[in-house]
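What you see is a predicted model; the values in this text were computed from it and never measured. Proteins get letters first, then strands, A, B, ... in listed order; numbering begins at 1 in each.
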Amino acid sequence: MKTAGPRGRHGDHVRELDSGPVVALLLFEAADCLMALPASEVASLQAPGSRGASADEGGASVAWIDVDEYFTGRQSDGPWLQWGRGERCAWLRVGWVVEVLACEIRALAPMPGCFRAEGRGGAFWAAGVRGEEVFLLMDPAKLADRRNGLTP
Amino acid sequence: MAHEEPAAPAPRSAPDQILEAIERQRETSRASPTEQERVPYLGFFLDSEVYGLPLEQLREVARLTRLRRVPGAPAGVAGLVNLRGEIICALDVRTILGLAARAAADSAIFVALRGFGEPLGLVVDSIADIYAIDPGQIESPPATWPAERAACFVGTVRVPEGLMGLLDLERLVKI
């Protein structure tokens, strides 16, 4: 993709390129599904098995969520992503990290209404296309809230 | 004695003939609706059963190549389909209608719909045919069908493949 430098800004997460606004997404696999987070919300990545070394850093308020386990009940042995949005943060264990993708905004679509309903399907707020594949933009805040009993 | 020829019937006037033809046409129409009065339906199969949806609510039929299942999605939602870059919600009609669960085969078909607020489609086994349905031939779903299943249909009609259930898509999508 040809990049001519930022021509305008849409906040901290979306950049304007010649081809249109794009957002950097970190793609990962979890629960047999291709998922993504805005790369700007991912602070760090820890190798598998390293949770013990850093588990105390975030204090008791930090959620540790194994995404595989959350959706399928099976524990993952993949890396941990440190996610943060404002005051909120969580560690997410994923199957494996695929890549960081510069995704055109026009390739994204809000999640259809039937997925936004209550329940675990509501953990996704948009979907996008990478080649032929559909990926899901996850909202870790929803996972953390549900884990903490704040949402049904 | 002169042989008398039977009198030839008086030729009917053009208006008489035309009026008679009009009446014949109307009788024929009453007996069999014209193509314009029939409603075209797309028929598709789930297992060996045939179902129909109004052609006016059909946007596109495509082979189901990539279906992204969504963790935690409601049971009646098969997942998301990428149709030439457009992300469409795919409904699992089989589950909604209470049929035996079965993974979508490689030969499964995606029927994209139109007329709904969001892009929607159905995953079906295969396409049967397009039928011109006379609305007068539509009957209520059989009393033997469970109420939940019957509620998904506007009625049934007999086609060569069997009894075709005509889907009530507005109700079906409110899963």
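- For the atom pair CD1 of B:Ile87 and CE of A:Met111, the computed distance is 8.5 Å after rounding to the nearest 0.5 Å.
- Of all non-hydrogen atoms in B:Val81 and A:Val134, the two that sit nearest each other are C-CG2, 4.2 Å.
- B:Glu118 places a side-chain N or O within 3.5 Å of a backbone atom of A:Gly113 that can act as its donor or acceptor partner.
- Both A:Trp96 and A:Leu101 belong to a single network of hydrophobic side chains, linked directly or stepwise wherever heavy atoms of I, L, V, M, F, W or Y lie under 4.5 Å apart.
- Residues B:Glu86 and A:Val129 have side chains not in contact (no heavy-atom distance under 4.5 Å, counting atoms from C-beta outward).
- Looking at heavy atoms from C-beta onward, B:Pro71 lies in side-chain contact with A:Phe124 at the 4.5 angstrom threshold.
- For A:Ala107, the part lying under 4.5 angstrom from a heavy atom of chain B is the backbone only.
- Note: the hydrophobic cluster containing B:Leu163 does not contain B:Leu99 (ILVMFWY, side chain heavy atoms under 4.5 Å, direct or indirect links).
- By number of non-hydrogen pairs under 4.5 angstrom with chain B, the leading residue of A:Cys33, A:Ala127, A:Gly128 is A:Cys33.
- Pairing each heavy atom of B:Arg69 with each of A:Leu136, the nearest pair is O-CD1, 4.3 Å.
- Between A:Pro112 and B:Leu80 the shortest side-chain heavy-atom distance falls below 4.5 Å.
- When the salt bridge (charged side-chain N to carboxylate O under 4.0 Å, His left out) test is applied to B:Glu49, the partners found at least two apart in sequence or on another chain are B:Arg149.
- Looking only at side-chain heavy atoms (C-beta outward), A:Leu34 and B:Arg68 come within less than 4.5 Å of each other.
- Under the ring pair (Phe, Tyr, Trp, His ring centres under 6.0 Å) criterion, B:Tyr131 pairs with no residue, sequence neighbours left out.
- Atom CD in A:Glu133 sits 10.0 Å away from atom CG in B:Asn82 (nearest 0.5 Å).
- Shown here is A:Asp77, whose CG atom has no more than 12 heavy atoms of other residues, nucleotides or ligands within 6.0 Å.
- Counting heavy atoms of neighbouring residues, nucleotides and ligands inside a 6.0 Å radius, atom CD of A:Glu99 exceeds 12 of them.
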